[in-house]
Amino acid sequence: MSTAADTSVLRLKGVNKRFGGVVAANDVDLDLPPGVVTALVGPNGAGKTTLFNLITGNLKPDSGLIELRGHSLADVDPRGAARRGIARSFQDLRLFEQMTVFENVLSVMERSALPWQPGGHAAARARREKADATLELVGLTAWRDARAIDLGYAEQKFLSLARILVTDATLWLLDEPASGLDPASYERFVRLVRGRLAHGITICLIEHNLDIVHGISDRIAFLDQGTVLAAGEPRAILNDPKLAAIYFGERR
Ligand SMILES: Nc1ncnc2c1ncn2[C@@H]1O[C@H](COP(=O)(O)OP(=O)(O)OP(=O)(O)O)[C@@H](O)[C@H]1O
Ligand SMILES: [Mg+2]
């Protein structure tokens with residue numbers, strides 16, 4: 001009999017992480033099923049970004065198991081996680097501000113061969129074509145040669161997304177990718193992200209705006225003080241008055 005855990009793209013089991021007296025991950029079990037958007041929801045400091053850092057090897061868990069398609073990520077550093085097809089975006093975007101939009105996309109692409117190696121020229125041309133196609137997909141072609149720092153807020157968010165799209169990663173971890181987007185940009189963002197699911201992508205994203213969560217996610221995991229309090233269908237989680245009280249700060 002197959003279970004959710006058997007088919008999960010990513011599986012966390014009994015994951016713990018403390019920072020001094022702060023419990024950032026408390027015996028966390030989390031499964032990301034393939035081809036769906038899972039939203040991590042919870043108040044500030046709940047441990048959402050910490051989970052991303054544990055998955056990508058930016059942090060090591062104190063204990064517990066983290067597996068990508070059945071293979072442990074225990075000894076994997078951030079570069080290794082990227083090589084295994086995990087891409088992430090950051091709350092603070094971390095673009096190369098002085099580089100152009102095009103260069104920002106190019107900079108995250110793996111080089112299969114250097115220009116002076118066999119096939120190097122063709123590979124470089126293919127990379128540039130792919131970078132341009134990705135900019136087209138996210139609607140940034142007109143900004144191709146602008147410096148990242150000169151972009152508006154929404155364009156910077158789409159550039160951050162382009163840097164993930166172009167990597168061919170199959171697991172995306174997006175830290176507040178839609179926060180602060182105007183409604184039109186947000187609609188475009190949702191269409192873009194959900195459109196990638198048909199290409200075999202699995203997505204976990206962090207989002208504070210519950211309307212956005214409702215509009216974009218198939219599943220929600222609700223975190224508070226490092227603990228997963230509930231996981232399941234968005235409607236069930238969002239309608240739970242106990243979780244709402246925690247989320248909106250009515251905890252006693
Ligand atoms: N590198 C670190 N060193 C020490 N404490 C940390 C570190 N990273 C996170 N913390 C603490 O762990 C807890 C969880 O932080 P985390 O950033 O994961 O929360 P979050 O759910 O992403 O919050 P937010 O919604 O504000 O982004 C917080 O109390 C935070 O201060
Ligand atoms: Mg965070």
Side-chain angles (χ1 to χ4, degrees), residues 32 35-41 48-49 52-53 55-56 58 78 81-82 85-111 126-218 220 234:
L32 300 184
V36 308
V37 177
T38 302
L40 296 185
V41 172
K48 304 179 295 294
T49 299
F52 280 7
N53 285 330
I55 295 164
T56 55
N58 292 81
I86 303 176
R88 79 177 286 191
S89 69
F90 292 88
Q91 249 168 299
D92 57 3
L93 296 183
R94 304 194 188 179
L95 302 172
F96 295 117
E97 294 186 333
Q98 301 299 332
M99 285 171 31
T100 67
V101 166
F102 181 71
E103 288 164 347
N104 264 275
V105 173
L106 213 53
S107 69
V108 295
M109 300 174 76
E110 285 279 347
R111 284 169 180 242
R127 272 203 309 279
R128 298 173 77 83
E129 284 172 5
K130 189 173 177 189
D132 272 323
T134 304
L135 289 179
E136 179 82 38
L137 190 64
V138 302
L140 285 178
T141 300
W143 294 96
R144 180 187 189 278
D145 300 315
R147 287 186 312 165
I149 198 169
D150 293 328
L151 297 182
Y153 184 71
E155 281 74 32
Q156 290 193 348
K157 296 284 236 194
F158 280 102
L159 176 53
S160 175
L161 188 63
R163 281 159 57 91
I164 287 182
L165 259 164
V166 82
T167 62
D168 291 330
T170 53
L171 173 60
W172 294 6
L173 307 176
L174 309 178
D175 202 342
E176 306 197 18
S179 67
L181 289 183
D182 58 277
S185 300
Y186 162 67
E187 290 295 332
R188 204 156 67 75
F189 174 81
V190 173
R191 268 202 310 280
L192 239 170
V193 164
R194 294 214 53 101
R196 301 318 289 177
L197 297 175
H199 294 75
I201 308 290
T202 298
I203 297 173
C204 184
L205 59 81
I206 296 170
E207 177 54 56
H208 278 283
N209 181 320
L210 297 183
D211 290 331
I212 293 181
V213 169
H214 198 262
I216 201 168
S217 63
D218 303 292
I220 293 178

Original post:
Looking at residues at least two apart in the chain, or sitting in another chain, which of them share a side-chain hydrogen bond (donor to acceptor under 3.5 Å, both in side chains) with Arg196?
Top reply: none

Original post:
Could you state the interatomic distance from CG (Leu135) to CG (Leu165), rounded to the nearest 0.5 Å?
Top reply: 10.0 Å

**OP:** Any salt bridge (charged side-chain N to carboxylate O under 4.0 Å, His left out) involving residues 149-162? Give me the pairs, sequence neighbours left out, ordered by first then second residue.
**Re:** Arg147-Asp150

**OP:** Kindly state each residue pair satisfying salt bridge (charged side-chain N to carboxylate O under 4.0 Å, His left out) with at least one member in residues 175-190, sequence neighbours excluded.
**Re:** none

**OP:** Please indicate whether Gln91 has more than 12 foreign heavy atoms, meaning atoms of other residues, nucleotides or ligands, lying under 6.0 Å from its CD.
**Re:** yes

Original post:
Considering all heavy atoms of both residues, which atom of Phe96 and which atom of Ala148 are nearest to each other, and what is their separation?
Top reply: O-CB, 3.6 Å

Subject >> Ala169 to Gly85 - nearest heavy-atom pair and separation >> reply: CB-O, 3.3 Å

Subject >> From CG (Leu173) to CZ (Arg88), nearest 0.5 Å >> reply: 7.0 Å

Original post:
Pairs in or reaching into residues 161-171: which pass side chain to side chain donor-acceptor pair (under 3.5 Å), with residues at least two apart or in two chains?
Top reply: Arg69-Thr170, Asn104-Arg163, Ser107-Arg163, Lys130-Asp168

**OP:** Locate the shortest heavy-atom distance separating Thr134 from Ala162; write the atom from each residue and the value.
**Re:** CG2-O, 3.6 Å

Original post:
If you take all heavy atoms of Pro234 and Ser217, which pair is closest and at what distance?
Top reply: CG-O, 3.6 Å

Subject >> Value rounded to 0.5 Å, distance of CG in Leu32 from CD1 in Ile55 >> reply: 6.5 Å

**OP:** Can you sort out the partners of Asp92 under salt bridge (charged side-chain N to carboxylate O under 4.0 Å, His left out), two or more places apart, ordered by chain and number?
**Re:** Arg94

**OP:** Might you work through the side-chain contact (heavy atoms from CB on, under 4.5 Å) test for Gln156 and Leu95, ending with a clear yes or no?
**Re:** CA-CA 8 Å; Gln156 290 193 348; Leu95 302 172; 3.9 Å; yes

Original post:
Does Gly35 offer a backbone N or O that forms a donor-acceptor pair with the side chain of Thr202 under 3.5 Å?
Top reply: yes

Subject >> Counterpart residues, side chain to side chain contact (heavy atoms under 4.5 Å, CB included), relative to Ala82 (two or more places apart) >> reply: none

Original post:
CZ of Phe158 to CG of Leu151: how many Å apart, nearest 0.5 Å?
Top reply: 12.0 Å

Original post:
Looking at side-chain heavy atoms only, is the closest gap between Ser89 and Phe52 below 4.5 Å?
Top reply: no

Original post:
Are side-chain heavy atoms of Thr100 and Arg144 found at a separation under 4.5 Å?
Top reply: no

Subject >> Criterion side-chain contact (heavy atoms from CB on, under 4.5 Å) on Ser179 and Asn209, from CA distance to verdict >> reply: CA-CA 7 Å; Ser179 67; Asn209 181 320; over 6 Å; no

Original post:
Is there a side-chain contact (heavy atoms from CB on, under 4.5 Å) between Glu207 and Val41 once you walk through the steps?
Top reply: CA-CA 6 Å; Glu207 177 54 56; Val41 172; 5.9 Å; no

Original post:
Just one of Thr38, Ile203, Val37 clears the side-chain contact (heavy atoms from CB on, under 4.5 Å) bar with Asp218, so which one?
Top reply: Val37

Original post:
What's the spacing between Lys48 NZ and Ile206 CD1 if we round to 0.5 Å?
Top reply: 6.5 Å

Original post:
If you measure from CD1 on Ile164 to CG on Leu159, what distance do you get to the nearest 0.5 Å?
Top reply: 10.5 Å

**OP:** State, to 0.1 Å, how close Ile216 and Tyr186 come at their nearest heavy-atom pair, and which atoms those are.
**Re:** N-OH, 4.4 Å

